[in-house]
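Since the structure comes first, as structure tokens, the remarks are kept for the end.
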Protein chains: 2
Amino acid sequence: MAVTKRPTLADVAARAGLSKTAVSLVLNNRPGSRLSADAVARIHEAARDLNYRPNAQARSLRLGTTGTVGFISDDVTVTRFASAMIRGLLDAADESDRGVLIAETFNHPKQLGKAMEAMADRQVDGLIFGALSARLIDLPPLPEGMRAVTVNCVNPDIPVAVLPSEEEAGYAVTRHLLDAGHRDGIAIIGNAPVARTTPRISVTIGRRFDGIHRALDEAGVTPAAVADIEEWEPWNGYDGAKAVLDSGAPVTALLCLNDRVAFGAQQAMQEKGLRVPDDLSIASFDDDQIAAYLRPGLTTARLPYLEMGRRALELLLDPDPTPGEHLVQMPLQVRGSIRSLT
Amino acid sequence: MAVTKRPTLADVAARAGLSKTAVSLVLNNRPGSRLSADAVARIHEAARDLNYRPNAQARSLRLGTTGTVGFISDDVTVTRFASAMIRGLLDAADESDRGVLIAETFNHPKQLGKAMEAMADRQVDGLIFGALSARLIDLPPLPEGMRAVTVNCVNPDIPVAVLPSEEEAGYAVTRHLLDAGHRDGIAIIGNAPVARTTPRISVTIGRRFDGIHRALDEAGVTPAAVADIEEWEPWNGYDGAKAVLDSGAPVTALLCLNDRVAFGAQQAMQEKGLRVPDDLSIASFDDDQIAAYLRPGLTTARLPYLEMGRRALELLLDPDPTPGEHLVQMPLQVRGSIRSLT
DNA sequence: TTCCGGTGCTGAAAGGTTTTAGCACTGACG
DNA sequence: CGTCAGTGCTAAAACCTTTCAGCACCGGAA
């Protein structure tokens, strides 16, 4: 018993009693091809009967286009919530029937080159570069004529980039605290003197601060304290918050620079017997998973990875996208961590 | 100025002054093809000069094999730590120079069918099916002759499956508690009367319990309490732990059925002013990210997603893999949440 | 001389698709 | 009757690779 092979165009043609040309014309319903209604019907019927699906390699070979895009990132697929970026990509890809080929480089330049070659060999129609933190990335030269978009990162060779709208978010979160009546009791947990001015670490984090300070300045408010912390992990948040609380500054709210920091800050509060939000409010950024796990939930500005991934793919497929940064709004997730003082 | 096209085999042949056949033979260094050392050298030189890379579509068309595998899952890529599965896959794929095409179905049968067709159209050499929870999944019939492996799920049509070694982990975690001197003070937070017997929810969770009870029985220990909870989210853990603590049972350790439950249990403890591990020890499963964020860190049995992904790809490429379940060990991550009573 | 095996290489087909150029026929128009 | 436009369809080339079959030559053996 022979293995039943996939039917080809020729099989459909034979069954319909017509030529391969006719079948191709009909199935791709090319305008300007005038086949009799009868022929069209016979072809469709034959294709259905045989369960015909075109061979993508053959088509690619002929067309020079594969209907596949590549996603190359340092560590996105694999890490935390940033993987939502992939989801957005996949959703959008699915809608336009593209396949998505992925590769991770773990910040290894050699891996990066290899991944790019592998993608080029497979003739992807475009490349999306992602990164875990929104930074300036280095890339080897792109293959001639290769379309590309960066998402959550930037590169001088690639004109279109998708980034989170950090300035706006910084403003919105701070505004939210101010609107709840917090004024001079706002302490900022997190600082980034180096990252702010080092694009290779982050191109957006400075904007988060800019937004915060725009809101504070507008309201004529000075922060009660600013905790300097090296990194933005829970243990750093713990240390930072502890220092602020120990200092005895009259604090009503902790504005934490991300959720992991907020999580650590909350641990420090708990140790002191302080409760959220009754004793102290907390606002934050990112909407990491823990933001929803905490009790009460954290009010935080969500990093819109899903939307960014989707947007990146749309821009990649757009025949002429407007160059420059495409900022995606960071929506405020209001939960129970902020107490109204009014 | 013409766009410089990718060089083809013919270009290399022309530059080397030989035939395409010769070039193909040499570049794939086919055994049995006897070309002069001079010819071989000229071909390699020409290929290098032109920066020749073979066209994957053309090769696939000829060979009927693409060097690409597909990964289809319900929600894996996109969700937290399970995405490590992808990392393992990608690592292994990279080592054997395969591409990985991914698709997520979000449990939509229609999406699943579509994804499988898309993969089949692109002629992937094999398909890996993943799921977020280790359950029995339904699949439309596989294309004739398509190789397949399931990872973190099972399907009757697919003989080779990769699963975490839950029984062993249940035993190990419990044993760890017992070895630390905890006996009749062990309370189990989490239950799964339905899931245990419903493969469509989980095929492995029962084994986790089996391992726990094997260890307890061996030691002649009866749990101090078992908290019945609906789901295994932090809020359920909170409720369950609270109930146990309120009951006044003489508890020395909480054996939580996963980290999110443990997280919630810890919140309940904090409310009562109880500290980990001084007042109460906690052991758990999964090694979700929060396990490392908690203070102290959670001692937990890690779901080995990375290794499972890698294993799945290796099995997919294995010409004749041994059928059946391939269990991957769940290593114990020892952190500070367990107090030794000895 | 013929035959033969070995050496070094190549022509052409095949894989499945899209597309260009064009064939054969009909009916209308001059 | 010749021409011409339109209609319905097809042959063949092209995309780039791999591989089968075989060519031309040479030296040695019969």
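This structure is a prediction, so every number in the text was calculated from the model and none was measured. Numbered from 1 within each chain, the chains take letters A, B, ... in sequence-line order.
Atom CG of D38(B) and atom P of dG8(C) are 11 Å apart (whole Å). Taking atom CD of residue Q57(A) and atom C1' of nucleotide dT17(D), one finds them 12 Å apart after rounding to whole Å. A straight line from CG of L27(B) to P of dC9(C) spans 15 Å, rounded to a whole angstrom. Between L25(A) atom CG and dG8(D) atom P there is a gap of 13 Å when expressed in whole angstrom units.
Among the atoms of the strands shown, only primed sugar atoms or phosphate atoms (P, OP1, OP2) are found under 4.0 Å from some heavy atom of L63(A). As judged by a 4.0 angstrom heavy-atom cut-off over every strand, S24(B) is placed among the base-contacting residues. Counting any heavy atom pair closer than 4.0 Å across all strands shown, L18(A) reaches sugar-phosphate atoms only and no base atom.
T21(B) contributes a side-chain N or O that forms a donor-acceptor pair with the base of dT19(D) under 3.5 Å.
In this structure, R87(A) pairs ionically with D91(A), as a charged nitrogen and a carboxylate oxygen lie closer than 4.0 Å. With salt bridges taken as basic N to acidic carboxylate O contacts below 4.0 Å, none links E307(B) and R311(B).
Two residues, R34(A) and L9(A), neighbour DNA chain C, and the one matched to the more 5' nucleotide by heavy-atom proximity is L9(A).
Nearest to the side-chain atoms of A39(A) among the listed nucleotides dC9(C), dT19(C), dC9(D) stands dC9(D).
R122(B) and T68(A) form a side-chain donor-acceptor contact under 3.5 Å, judged by distance and modelled atom types alone.
Side-chain contact between V160(B) and D318(B) is absent, with no heavy-atom pair separated by less than 4.5 Å.
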